[in-house]
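Note on naming: letters A, B, ... go to the chains in the order of the sequence lines (proteins, then strands), and numbering restarts at 1 for each one.
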There are 2 protein chains.
Amino acid sequence: MAEAAGVSQSTVSRALSGDPIVAEATRNRILDIARSLNYHIDAAASRTRSGRIETIAVVMVCPEHEDVRVLNPFHYGLLAAICSAASQRGLETIVSFQGARDRLKDSYEQGRRAMGIIVIGTSENHTAWNFFRNSAQNGTHIVCWGAPYDDLDWVRADNHAGAALAVEHLLAQGYKSIAYVGDNNCPQRQFAERYAGYVTAMEQAGKTPRLIEVAPGLSRHEQGRRAAQALLASGQAFNAIFAACDDLALGAMAVLEERGLSVPGDVGVVGFDGVRSGAIAVTPLSTIEPDFAAAGEVLVERMLASVAGEVAPRRRVPVSLVVRESSAAAAPQKATAA
Amino acid sequence: MAEAAGVSQSTVSRALSGDPIVAEATRNRILDIARSLNYHIDAAASRTRSGRIETIAVVMVCPEHEDVRVLNPFHYGLLAAICSAASQRGLETIVSFQGARDRLKDSYEQGRRAMGIIVIGTSENHTAWNFFRNSAQNGTHIVCWGAPYDDLDWVRADNHAGAALAVEHLLAQGYKSIAYVGDNNCPQRQFAERYAGYVTAMEQAGKTPRLIEVAPGLSRHEQGRRAAQALLASGQAFNAIFAACDDLALGAMAVLEERGLSVPGDVGVVGFDGVRSGAIAVTPLSTIEPDFAAAGEVLVERMLASVAGEVAPRRRVPVSLVVRESSAAAAPQKATAA
DNA sequence: CTGAAAGCGCTTACAG
DNA sequence: CTGAAAGCGCTTACAG
């Protein structure tokens with residue numbers, strides 16, 4: 001390559017790395033030749049010499065049994081957003097799906113494969129999250145979404161604002177008796193935040209919050225089904241559900257419809273996450289959707305800051321209300337279902 | 001590290017790479033010290049010297065506008081399976097989402113970042129697929145799933161057998177008049193294969209195949225809706241639908257239910273892909289599901305073979321029938337809907 | 001602005 | 001079985 005261009009190896013290196021010190025004519029000539037030869041810098045050698053690593057490891061935390069189906073479209077959307085945000089900044093992403101406790105791996109940074117690790121995925125694999133918490137304490141650069149702990153460097157949706165958006169929307173649509181379906185004592189910090197946001201918004205509107213706690217250990221969809229059954233069995237009037245996530249909302253909605261209640265009309269429903277199956281449900285689900293692109297950017301931004309020894313200012317990702325059919329106006333005659 | 005163990009750098013290198021020539025006692029001592037020092041081999045230097053690259057690039061082909069939502073859970077399941085299969089073999093995966101024509105990138109191999117590229121994703125971005133077809137012709141190692149061409153090194157589900165499974169199942173459940181909903185002239189080779197499998201199975205059963213072609217340019221869900229509307233409008237009797245993919249099936253099912261037809265009973269429905277939203281639909285969808293783990297393994301296997309200058313024997317991934325509610329037995333009285 | 005030379009942390013013949 | 005030494009393809013002070 002150097003001899004094809006008639007310059008030294010040093011100059012080729014400088015031209016290809018975009019060093020402005022090389023004469024523009026020289027640089028362009030080298031760039032042209034590189035293109036025609038389909039020559040690219042050897043990334044391994046470049047890293048070895050410079051010590052710079054332009055790669056981020058992304059770990060998707062799976063359940064211990066490694067059945068990836070537990071990961072919902074939300075996690076995948078986040079993964080795509082992270083890879084895209086990294087790519088925009090010229091960074092590469094090494095992706096792994098980790099679940100089984102004997103296959104957990106955090107040595108990307110030690111092995112100079114990546115500058116640090118972005119950890120996302122299910123909050124329910126405590127072993128895995130503990131493992132990465134430990135890595136962070138040992139100095140590995142880790143930024144995460146969905147951690148069951150607050151002491152990792154985290155990024156989260158603006159859950160409080162999102163919950164308020166949902167409550168205000170349901171009230172404006174004529175639903176005055178809104179129950180919250182979700183886990184309150186679960187490891188997912190964001191669920192607690194959504195519940196807190198719901199309580200605040202309800203109280204500001206002079207309404208009494210009502211929590212339908214879900215049973216642990218089941219799929220979100222099944223938890224949603226049981227919550228709706230419990231709500232109906234309670235005999236107390238309600239005419240709307242705000243669920244901590246879309247899968248809970250879809251499960252609840254299925255039961256309501258099986259019991260002959262109309263969604264919307266008899267009951268209004270709003271979920272949280274913006275998953276695709278909500279959009280194509282028989283009754284399309286209104287939801288609070290985080291800005292995925294922003295989520296990817298903020299995660300990458302914090303990683304870069306962390307590696308540079310700084311702390312990035314942003315850690316909350318904005319959310320917006322996506323209005324679909326499940327929260328269309330309440331039926332005026334029967335404003336409460338039993 | 002070498003001095004901590006009191007041996008030469010060479011011996012450390014050999015011990016850490018598992019070279020059986022080093023004395024077991026020496027190796028174990030070095031391994032212990034490495035663990036206690038949290039020392040890992042510098043992957044960049046190792047690659048530079050040895051020339052071995054234990055990394056595969058995985059490209060998810062997105063639409064040109066890069067809205068990742070078009071990628072369905074099937075593609076993500078495949079991605080997870082590839083990453084897991086690679087990891088089982090000690091390989092790393094660099095993942096990127098590529099759509100916009102001016103951001104297409106195939107230089108992983110030239111830049112010594114990866115041994116080759118596994119390309120998956122939506123078949124609809126012709127620019128992207130052409131780009132990678134071109135890369136393959138220029139010598140880049142490429143293995144793919146979902147390519148609109150046959151001349152790339154591909155891996156696909158056993159679509160023919162899957163379609164036969166679906167038809168036989170519907171017939172056994174008492175559905176005698178089965179329409180096929182799908183694209184026949186579309187770029188996805190697998191759709192053509194599924195249709196061919198359907199035709200063969202129908203003819204073997206002495207039934208007349210019937211194709212409801214879907215309108216291009218819409219989401220699969222909307223295509224499914226319109227296909228069901230067209231089917232109903234045709235006035236010709238049918239009592240089952242085998243759809244080329246789950247999203248089509250779900251769209252069709254939504255229309256059938258809106259029109260007051262019962263699924264199952266009046267109409268039986270089977271899809272293809274095994275996506276999650278089918279499992280949690282109001283009427284859970286029977287489907288033909290490829291073995292995801294096998295898909296990941298076969299893709300990685302072919303990549304490794306290709307790099308070694310060989311051709312791996314396997315390229316078809318087995319499928320199985322997942323029976324859910326949408327294909328429960330036909331209603332005996334009214335065995336055909338209008 | 002460009003080149004000659006040192007050196008990143010490994011691996012690997014070669015010698016013992 | 002182990003060590004001394006060369007060298008992978010880059011980047012980067014340093015000199016001009």
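- In this structure, NE2 of A/His40 is placed 16 Å from C1' of D/dG9, rounded to the nearest angstrom.
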Per-nucleotide protein contact string for nucleotides 11-16 of chain C, where B marks a base within reach and S marks sugar-phosphate only (heavy atoms under 4.0 Å, - for neither): BBB---
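- With both pairing distances under 3.5 Å, D/dA4 is matched to nothing as a Watson-Crick or G-U wobble pair.
- Counting to the nearest Å, the C1' atom of D/dC8 and the CD1 atom of B/Ile53 are 12 Å from each other.
- D/dT12 and D/dG16: their C1' atoms are spaced 16 Å apart (whole Å).
- Taking a pair to require two hydrogen-bonding distances under 3.5 Å in either a Watson-Crick or a G-U wobble arrangement, C/dA13 remains unpaired.
- The salt bridge (Lys or Arg N to Asp or Glu O under 4.0 Å) contacts involving residues 77-86 of chain B comprise nothing, where partners must be two or more places apart or lie in separate chains.
- Within the structure, side chain to side chain donor-acceptor pair (under 3.5 Å) contacts touching residues 11-27 of chain B (residues at least two apart or in different chains) are B/Ser8-B/Thr11.
- Distance CD1 (A/Ile21) to C1' (C/dT2): 9 Å, rounded to an integer number of Å.
- Donor-acceptor pairing under 3.5 Å is lacking for the side chains of A/Ser87 and B/Ser96.
- Taking side-chain N and O atoms only, A/Tyr39 has no distance below 4.0 Å to OP1 or OP2 of D/dG9.
- One can place CG of B/Asp42 at 17 Å from P of D/dG9, the figure rounded to the nearest angstrom.
- Figure legend: cation-pi geometry between B/Arg113 and B/Tyr108 absent, as NZ or CZ is not positioned both under 6.0 Å from the six-membered ring centre and within 45° of its axis.
- Checking side-chain atoms of B/Asn125 against main-chain N and O of B/Gly99 turns up a donor-acceptor pair under 3.5 Å.
- The CD1-C1' distance, from A/Ile30 to C/dT2, rounds to 10 Å in whole Å.
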Step-by-step salt bridge (Lys or Arg N to Asp or Glu O under 4.0 Å) determination, A/Arg112 to B/Asp42: CA-CA 5 Å; A/Arg112 306 194 61 67; B/Asp42 183 322; 3.3 Å; yes
